[in-house]
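Below is one structure, written out as structure tokens; the observations come after it.
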Amino acid sequence: LEIDRHMDLNYDLFVDLTPDFDQEPSQKRQDRSAWANMKRMSAGQLKAWRDAYGPKDEAFHRAKLTGKELVRWKYQRYAKNYLRCIKGVDESVGRLRGVLKELGLTENTIVIYSSDQGFYVGDHGWYDKRWMYEESLKMPLIVKWPGVTVPGARNTHMVQNLDYAQTFLDIAGSPIPNDMQGLSLVPLLKGRSPEDWRTSIYYHYYEFPSVHMVPRHYGIRTKRYKLMHFYRFGDEWELYDLEKDPDELTNLYGRLGYEGLTKDLKKQLADLREYYEDDGDVAEKPEAWKKEMRSPGAVSRNKLDS
């Protein structure tokens, strides 16, 4: 996940990348999905791609960057590629809304925009997501519901993507199965503020060992605080005051004066684990992990288990 050591010049940053590119990646566990997608490009699309990247790649080779200058170049390439992708998504949403208007369906269509978890664009020195830190824990959620949701309104209740299915069913007037764990957002979209709405959210990341090697961890996020438990390599905890430290740079766990808060958050965290019936094994097993990693097919098998 480190821009410096892990971001591959070819498969992540597209330097010299073409459908017939044939070179071993710099990482043993390399995501080569961008390269795979190139094989689906038409001749015209591939030409546009190489016309854009070709001159930039030539300039990069001429510069012969090393050290910090190479890291800076990697970051600039990655950040600009990411923002170009976001711009493309925004344009596509605009085209979709344009078609709805042309068809006369604007006032009879609910438009809900969301996405996968947020990405690190250099935050904490990383790219990708997976960690419970704010940049990747947050997700966009924008709803246009003509005649129901007030345009420009901003809701600050704690919601999760596990609420989406219940919301869609509720909007459609369909019954919501009792075994679904989320909550319908319809009351919030109608401007109401239910007294019994959740005051915290629960997170648990399982996919380890795998491509990005982010350690397994779980935690609780309230309006103001976040408590995380990294359990696989020792009893490690992190506590943040998001009001005073929104960038999560100062770990307050174990500091004097936070004993009561920590105890309360741990109790809430245990209650959430019980509520969501998360009875997974959270014991420390570094030796078992080392043995698993030495066995053939360990990564793919773990993905299935997760």
Side-chain angles (χ1 to χ4, degrees), residues 33-34 37 40-42 44-45 48-49 52 79-121 123 128-130 132-203 221-224 242-243 246 272 275-276:
S33 55
N37 285 334
R40 301 164 54 193
M41 288 184 179
S42 66
Q45 290 170 332
W49 175 286
K80 290 173 182 176
N81 283 347
Y82 179 84
L83 295 174
R84 290 180 185 116
C85 178
I86 298 302
K87 183 174 185 290
V89 173
D90 288 347
E91 291 171 347
S92 296
V93 173
R95 284 196 295 270
L96 175 61
R97 294 188 61 187
V99 172
L100 290 173
K101 185 175 181 179
E102 291 174 7
L103 297 175
L105 298 174
T106 299
E107 298 304 312
N108 192 37
T109 303
I110 302 172
V111 178
I112 301 177
Y113 173 81
S114 188
S115 81
D116 201 347
Q117 280 69 36
F119 250 53
Y120 297 99
V121 189
D123 310 279
D128 205 76
K129 46 189 176 180
R130 303 168 201 279
M132 197 187 168
Y133 301 112
E134 287 294 277
E135 292 86 357
S136 56
L137 185 65
K138 290 182 176 180
M139 303 169 60
L141 177 59
I142 304 172
V143 180
K144 178 179 180 290
W145 189 352
V148 177
T149 301
V150 177
R154 185 179 180 87
N155 193 292
T156 59
H157 285 81
M158 305 198 78
V159 305
Q160 298 175 268
N161 55 357
L162 55 78
D163 298 328
Y164 293 176
Q166 289 88 326
T167 302
F168 303 152
L169 290 171
D170 197 3
I171 289 173
S174 298
I176 300 175
N178 292 328
D179 60 349
M180 298 182 76
Q181 295 177 325
L183 302 169
S184 170
L185 304 180
V186 168
L188 307 185
L189 296 174
K190 290 183 176 180
R192 301 171 187 165
S193 184
E195 293 183 1
D196 58 348
W197 196 262
R198 68 168 69 94
T199 57
S200 61
I201 61 172
Y202 178 69
Y203 180 87
R221 203 273 201 197
T222 67
K223 288 271 187 178
R224 179 170 176 174
L242 301 174
E243 185 177 293
L272 284 176
Y275 173 78
Y276 289 115

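Surrounding CZ of Arg40 are at most 12 heavy atoms belonging to other residues, nucleotides or ligands under 6.0 Å away. By the 6.0 Å contact criterion, NZ on Lys80 is open, its count of non-hydrogen atoms from other residues, nucleotides or ligands being 12 or less.
Here the straight-line distance linking atom CG of Leu189 with atom CG of Asn155 works out to 7.5 Å at 0.5 Å rounding. The CG atom of Asn178 sits 10.5 Å away from atom CE of Met180, with the distance rounded to the nearest 0.5 Å. Once rounded to the nearest 0.5 Å, the distance linking CE of Met132 with OH of Tyr203 reads 8.0 Å. The CZ atom of Arg130 sits 14.5 Å away from atom CG of Leu137, with the distance rounded to the nearest 0.5 Å.
Heavy-atom minimum distance, Pro194 versus His157: CD-NE2, 4.5 Å.
Ring geometry for Phe119 versus Tyr82: interplanar angle under 30°, hence parallel rather than tilted (30 to 60°).
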Report, one line per pair, each donor and acceptor closer than 3.5 Å where one atom sits in a side chain of residues 98-113; sequence neighbours left out.
residue : atom : partner : partner atom : Å
Thr106  : OG1  : Lys101  : N            : 3.4
Thr109  : OG1  : Leu105  : O            : 2.7

Contacts under 3.5 angstrom, residues 163-170 side chains, donor-acceptor by atom type, not counting sequence neighbours:
residue : atom : partner : partner atom : Å
Asp163  : OD1  : Leu183  : N            : 2.7
Asp163  : OD1  : Arg198  : NH2          : 2.9
Asp163  : OD2  : Gln160  : N            : 2.8
Asp163  : OD2  : Arg198  : NH1          : 2.9
Tyr164  : OH   : Ser114  : OG           : 2.8
Gln166  : NE2  : Gly182  : O            : 3.3
Thr167  : OG1  : Asp163  : O            : 2.8
Thr167  : OG1  : Leu185  : N            : 2.9
Asp170  : OD2  : Ser184  : OG           : 2.7

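Contact of the Tyr120 side chain with the Tyr133 side chain is registered, since non-hydrogen atoms from C-beta on lie closer than 4.5 Å. Between Thr199 and Thr222, every side-chain heavy-atom pair lies at or beyond the 4.5 Å cut-off. When side chains are defined from C-beta on, Gln181 counts as touching Tyr276, because their heavy atoms get closer than 4.5 Å.
The backbone N or O of Gln117 sits nowhere less than 3.5 Å from a side-chain atom of Ser136 that would complete a donor-acceptor pair.
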